[in-house]
Protein chains: 2
Amino acid sequence: MSVQERKARERAERERLIVATARELAEQQGWDAVTTRRLAERIEYSQPVLYSHFRGKREIIGAVALEGATELATAVRAAAAAAHGPRARVAALARGYLDFAERNPAVYDALFQLDGGLPYAQEDTPEPLKDAFAALLETLGEVAGEGVAPGLFTEVFWAALHGLATLTRAGRLPPQDAERRVELLVDRLAVL
Amino acid sequence: MSVQERKARERAERERLIVATARELAEQQGWDAVTTRRLAERIEYSQPVLYSHFRGKREIIGAVALEGATELATAVRAAAAAAHGPRARVAALARGYLDFAERNPAVYDALFQLDGGLPYAQEDTPEPLKDAFAALLETLGEVAGEGVAPGLFTEVFWAALHGLATLTRAGRLPPQDAERRVELLVDRLAVL
DNA sequence: AAACGATCCTAGCACCGCTAGACAATCGAG
DNA sequence: CTCGATTGTCTAGCGGTGCTAGGATCGTTT
């Protein structure tokens with residue numbers, strides 16, 4: 001049995017290598033540069049090996065997305081926990097979210113811009129994705145205000161953050177007023 | 001001279017045909033299906049003809065984006081004009097914007113998701129893009145509130161709409177509560 | 001040691017964006 | 001009207017993409 005266990009371990013290890021390498025390559029040169037050939041070369045295996053782990057490129061993106069979701073949840077919770085009082089917590093959450101998006105653009109794209117073949121907002125949504133939303137909900141639910149469903153409020157706040165993150169990075173919004181936009185968003189949306 | 005004029009006219013006509021066909025194909029089957037081969041076949045010319053009008057596929061996307069910007073501006077202005085009172089106007093603008101995004105997903109992508117090679121938020125930004133933002137500003141500037149720059153407020157409101165539009169269409173947000181999300185956004189962000 | 005299975009790679013498919021160079025049609029000059 | 005030049009368009013092809021079939025090779029088991 002030990003031999004099979006070792007093989008399974010090595011296989012799992014290689015799968016992690018693939019995901020980590022894809023992520024690294026995407027952060028360095030963008031997702032367009034993540035081709036199956038380049039990826040295969042970097043992990044020092046041939047292309048078909050990738051397909052023994054993933055159905056295709058889409059699933060690799062999905063794997064990076066799941067990894068990113070866990071980290072996003074952690075980042076958001078850490079940011080919120082470091083602040084005191086509802087107002088400061090929400091502002092910290094917003095900055096933490098945007099900061100994550102800015103520092104991990106490829107991961108953010110895998111999560112919310114590209115097609116990783118993952119189901120969102122459904123029962124069979126993978127746990128990391130649900131948890132990332134839950135991390136937002138924990139802080140934002142407190143400032144939803146009277147008669148507003150916390151989930152709905154979180155969705156709207158999240159959408160606003162997502163819009164700021166993507167439009168800013170794509171050069172659709174000038175980067176300099178980012179902080180003032182966050183302030184405005186927090187002050188207006190959250191009921192304190 | 002008349003011969004050259006006719007040729008120029010025919011050239012311009014063919015260029016319109018290319019853009020219209022690209023847009024049509026994108027709306028029907030998505031931008032991934034808009035390949036230079038398919039596009040050339042649909043306009044009944046060979047591939048290289050495309051490159052005598054545009055530098056490449058990116059510029060074709062850009063041309064569709066410019067067309068879309070003009071339409072978006074018109075749609076937003078029409079929606080706002082049909083409503084009376086600040087609250088109703090802002091809500092109508094929001095619905096008009098989201099409606100445009102939903103009905104013209106490929107055009108919306110060309111504008112705000114894909115790279116059309118256009119400069120945004122700069123001095124040399126093409127007029128249609130500036131005007132689309134201006135259309136938002138006209139209505140949203142009135143409800144920015146005391147001490148808040150109309151431009152900044154418009155940016156935030158726009159980002160929120162963009163987030164709702166993209167996340168909803170990508171299946172990241174459940175579609176059923178769309179209207180309630182708009183209501184919440186308008187009630188909280190706008191100062192009436 | 002030999003045969004078997006799992007594992008991996010070479011080679012290739014159809015498609016992509018883009019372009020060089022041959023060809024044909026049209027134009028202007030003599 | 002003819003002939004050369006210019007303009008316009010096409011065929012063919014380049015290097016790249018995601019993905020896969022089929023053969024070789026390796027480690028394992030008997």
Side-chain angles (χ1 to χ4, degrees), chain A residues 1-19 21-23 25-26 28-65 106 109-110 114-118, chain B residues 1-19 21-23 25-26 28-65 106 109-110 114-118:
Chain A
M1 274 302 163
S2 166
V3 170
Q4 293 183 9
E5 284 176 11
R6 195 203 70 226
K7 287 201 174 184
R9 218 167 41 231
E10 287 172 356
R11 237 189 101 76
E13 177 57 34
R14 193 172 62 181
E15 188 157 316
R16 275 194 296 273
L17 177 64
I18 293 173
V19 176
T21 305
R23 176 178 177 166
L25 193 49
Q28 284 172 356
Q29 311 184 38
W31 276 106
D32 280 350
V34 183
T35 70
T36 55
R37 281 171 176 73
R38 252 193 288 263
L39 187 50
E41 193 189 8
R42 286 228 183 174
I43 65 168
E44 295 181 313
Y45 281 96
S46 69
Q47 275 179 289
V49 165
L50 301 174
Y51 292 86
S52 73
H53 288 272
F54 302 95
R55 285 178 176 275
K57 189 179 174 181
R58 170 186 299 196
E59 271 198 6
I60 297 178
I61 295 173
V64 172
D109 282 346
L114 301 175
D115 180 11
L118 301 173
Chain B
M1 276 301 164
S2 167
V3 170
Q4 293 183 10
E5 284 175 11
R6 194 203 69 227
K7 288 203 173 183
R9 218 166 41 232
E10 287 172 354
R11 238 190 99 76
E13 177 57 34
R14 194 173 60 180
E15 189 158 315
R16 276 194 296 273
L17 177 64
I18 292 173
V19 176
T21 305
R23 175 178 177 166
L25 192 50
Q28 285 172 356
Q29 311 184 43
W31 276 104
D32 280 351
V34 183
T35 69
T36 55
R37 287 180 223 289
R38 252 192 288 263
L39 187 49
E41 193 189 9
R42 285 229 184 173
I43 65 168
E44 295 182 314
Y45 282 95
S46 69
Q47 274 179 289
V49 166
L50 300 174
Y51 292 85
S52 73
H53 289 272
F54 302 95
R55 284 177 177 277
K57 189 180 173 179
R58 170 186 299 195
E59 270 198 6
I60 297 177
I61 295 174
V64 172
D109 283 346
L114 302 176
D115 179 12
L118 301 173

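Please read these numbers as outputs of a predicted model, since none were measured by experiment. Proteins come first, then strands; the chains are lettered A, B, ... in the order of their sequence lines, and each starts at number 1.
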Handout entry: Heavy-atom side-chain contact between B/T36 and B/Y51 under 4.5 Å
Key = yes
Practice task
Take the protein atom CZ of A/R11 and the nucleotide atom C1' of C/dC8, then report the distance between them rounded to whole Å.
Solution key: 12 Å
Fill in the blank from the handout: Note: for B/Q47 and A/G56 on DNA chain D, the residue whose nearest nucleotide lies more 5' is B/Q47
Handout entry: Greater than 12 external heavy atoms within 6.0 Å of B/Q28's CD
Key = yes
Exercise for the section: Look at the side chain of B/S46 and decide which nucleotide, out of D/dC10, C/dC8, C/dC9, has an atom nearest to it. Expected result: D/dC10
Exercise for the section: Mind calculating the distance between CH2 (B/W31) and P (C/dC16) to the nearest angstrom? Expected result: 15 Å
Exercise for the section: Starting at atom CD of A/E41, determine the distance to atom C1' of C/dT10, rounded to an integer number of angstrom. Expected result: 16 Å
Handout entry: Salt-bridge contact A/R38-A/E41 (side-chain N to carboxylate O under 4.0 Å)
Key = no
Fill in the blank from the handout: Between NZ of A/K57 and P of D/dG16 the distance, given in whole Å, is 15 Å
Handout entry: Nearest non-hydrogen partners of B/L25 and B/A33, listed with the distance
Key = CD2-O, 3.9 Å
Problem - A/R14 side chain near C/dT7 phosphate (N/O to OP1/OP2, under 4.0 Å) - result: no
Completion exercise
Of the candidates D/dA21, D/dC10, D/dG18, the side chain of B/Y45 sits closest to D/dC10
Practice task
Ignoring backbone atoms, establish whether A/R55 has a side-chain N or O less than 4.0 Å from OP1 or OP2 of D/dT20.
Solution key: no
Handout entry: Stretch residues 32-40 of chain B: residues that reach within less than 4.0 Å of DNA chain D through a heavy atom
Key = B/R37
